[in-house]
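Notes follow the structure.
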Amino acid sequence: MVYVVDHPLILAELTGMRDRTCPGPEFRQRLRRIASLMVPAVTADFETKVVSCETPLEVTSGQKAARRIILTPILRAGLGFLDGFFDLLPDAAVAHIGLARNELTLQPEPYYIKTPPVIADCEVILLDPMLATGGSAVEAVQRLVDLGATHLRFACLVAAPEGIATFEAAWPDVPVFTASIDRGLNDRGYILPGLGDAGDRLFGTI
Ligand code: PRP
Ligand code: URA
C-alpha cells in the first residue's frame, strides 16, 4: 500500500529542496507547500459523516470527517511537514514522537512522546519527510499502536526502497504516501539521491 503522490507541483518543489544550495527558509517553505499539496491524496479515503448546516436561506446537510484527526510528526524533521498539513486540517490535534536515529547502529532511539489522551478510533497521520531504513517509522507506528491507535497512515516526502520494504513487512496494513521513491541508501543509511539530512537542513544544525 504505497501511493506515490507525484503531482508536477510537488515534484518541482522537491527538486528545489534537493538542491544543496537551497537556503533554509526556502527549504522550509517548499516542504510546507508540498505537505499541503499532499493532503488531498493522504486524506482522500477518510470516512465522512453527515452534519446539519444552516445556510442564510434554509437548513441543509453537509459532510465532515467522521473521525478526529491526529497529526503526528516524528521529531525533528516531521515538524517541517506539520504546518502544511495544519493549513488544510486546522482542527487536527497533534501527537509528538521524538526519535533520534543512532548514527552508528541506525536504530531509532525514542526520547519524547506526547499524544492526546485518546487516539483510538482517530485518523492518525504519521509525518516524517524521510523514510530511509524504515526503523524510525516502524518504531513510531509501534508506539502509536501500543497507545491504542487503530487508523494509521504514514506520509513522507522521500522514501528509499529498503525503507518501504521494511515498513511494509512490519505494518502491511498501514498505507504509505510519498512524493518520491529514490534509488537506495548509502553505507551511512542516507537516501540517494535524497536531499541530505532533513532535520539539519530544516533547523540549521549543519
Ligand atoms: C531522520 C528522519 C527520520 C529518520 C529516517 O531523523 O527525519 O526520522 O532519520 O531514518 P530511518 O528510516 O533510517 O529511521 P533523525 O533521526 O536524523 O533525527 P532528526 O529528524 O532530529 O534530524
Ligand atoms: N534521515 C535524513 O534526514 N536523510 C536521509 O537521507 C536519511 C535519514
Side-chain angles (χ1 to χ4, degrees), residues 1-2 4 13-24 26-28 30-32 34-35 38 42 70-85 94-115 124-145 149 152-172 174-206:
M1 286 210 290
V2 178
V4 179
E13 298 285 4
L14 174 57
T15 303
M17 290 181 70
R18 290 190 195 272
D19 186 336
R20 62 184 303 162
T21 67
C22 179
E26 182 183 325
F27 190 86
R28 287 192 291 276
R30 288 186 183 279
L31 184 56
R32 181 177 182 146
I34 291 174
M38 289 182 74
V42 172
I70 301 182
L71 303 174
T72 308
I74 300 179
L75 310 183
R76 293 174 301 164
L79 291 173
F81 240 12
L82 180 61
D83 283 342
F85 272 77
V94 179
H96 293 87
I97 299 197
L99 295 176
R101 197 172 72 147
N102 184 303
E103 297 285 337
L104 297 176
T105 65
L106 300 183
Q107 294 305 304
E109 296 177 350
Y111 59 87
Y112 182 77
I113 296 185
K114 180 76 177 178
T115 71
V124 178
I125 308 177
L126 189 61
L127 305 173
D128 192 332
M130 311 308 281
L131 177 65
T133 66
S136 301
V138 167
E139 175 71 19
V141 171
Q142 184 65 62
R143 298 283 168 151
L144 291 164
V145 167
L152 274 150
R153 56 196 61 209
F154 177 49
C156 62
L157 175 65
V158 177
E162 297 91 325
I164 290 174
T166 298
F167 189 83
E168 282 191 311
W171 300 108
V174 178
V176 176
F177 298 83
T178 183
S180 174
I181 299 176
D182 276 16
R183 189 171 78 247
L185 298 177
N186 70 9
D187 58 5
R188 292 173 50 230
Y190 277 84
I191 300 171
L192 297 172
L195 46 76
D197 190 306
D200 283 348
R201 293 189 68 184
L202 278 167
F203 300 114
T205 48
I206 303 176

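Order of appearance sets the numbers: ligands from 1, and atoms from 1 within every ligand. Along the sequence shown, residues carry numbers from 1.
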Item to check | Contact check, side chains of M130 and C156, non-hydrogen atoms, under 4.5 Å | outcome: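 Counting from C-beta outward, M130 and C156 never come under 4.5 Å.
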Next on the checklist: Quick check: do L82 and V94 have side-chain heavy atoms less than 4.5 Å from each other?
Outcome noted: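 Yes. Closest side-chain heavy atoms under 4.5 Å.
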Checklist entry - Quick one: does E162's side chain have a donor or acceptor within less than 3.5 Å of a partner on L185's backbone? => result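 Checked: pair present.
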Checklist entry - Does any N or O in the side chain of R153 come within less than 3.5 Å of the main-chain N or O of F177, such that one atom is a donor and the other an acceptor? => result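 Side chain of R153 to backbone of F177, a donor-acceptor pair under 3.5 Å: no, none is there.
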Item to check | Set of residues that line ligand 2, where lining means a heavy atom lies under 4.0 Å from it | outcome: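 The answer is R101, M130, A132, G189, Y190, I191, G196, D197, A198, counting any residue whose heavy atom sits under 4.0 Å from ligand 2.
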Next on the checklist: Could you work out, with side-chain hydrogen bond (donor to acceptor under 3.5 Å, both in side chains) as the rule, every residue matching T166, not counting sequence neighbours?
Outcome noted: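 Here no residue qualifies.
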Checklist entry - Between the side chains of R76 and T205, is a donor N or O closer than 3.5 angstrom to an acceptor N or O? => result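 Side-chain D/A pair, R76 to T205: present.
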Which atom pairs, donor and acceptor, lie under 3.5 Å between side-chain atoms of residues 192-199 and protein residues at least two apart or in another chain?
| unit_1 | atom_1 | unit_2 | atom_2 | d |
| --- | --- | --- | --- | --- |
| D197 | OD1 | G199 | N | 3.1 |
| D197 | OD1 | D200 | N | 3.0 |
| D197 | OD2 | Y190 | OH | 3.1 |

Checklist entry - Quick one: CH2 on W171 to CG on L144, what's the gap to the nearest 0.5 Å? => result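 Atom-to-atom, W171:CH2 and L144:CG are 9.0 Å apart.
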Distances only, to 0.1 Å: what are the N or O pairs between ligand 1 and the protein that fall under 3.5 Å?
| unit_1 | atom_1 | unit_2 | atom_2 | d |
| --- | --- | --- | --- | --- |
| ligand 1 | 7 (O) | D128 | OD1 | 3.1 |
| ligand 1 | 8 (O) | D128 | OD2 | 2.4 |
| ligand 1 | 12 (O) | A132 | N | 2.9 |
| ligand 1 | 12 (O) | T133 | N | 3.1 |
| ligand 1 | 12 (O) | G134 | N | 2.8 |
| ligand 1 | 13 (O) | R101 | NH1 | 2.8 |
| ligand 1 | 13 (O) | T133 | N | 2.9 |
| ligand 1 | 13 (O) | T133 | OG1 | 2.5 |
| ligand 1 | 14 (O) | S136 | N | 2.9 |
| ligand 1 | 14 (O) | S136 | OG | 2.6 |
| ligand 1 | 16 (O) | R101 | N | 2.6 |
| ligand 1 | 20 (O) | R76 | N | 3.1 |
| ligand 1 | 20 (O) | A77 | N | 3.0 |
| ligand 1 | 21 (O) | R76 | N | 3.3 |
| ligand 1 | 21 (O) | R76 | NE | 2.7 |
| ligand 1 | 22 (O) | R76 | NH2 | 3.0 |

Item to check | Basic-acidic side-chain contact under 4.0 Å: R18, D182 | outcome: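 Salt bridge: yes.
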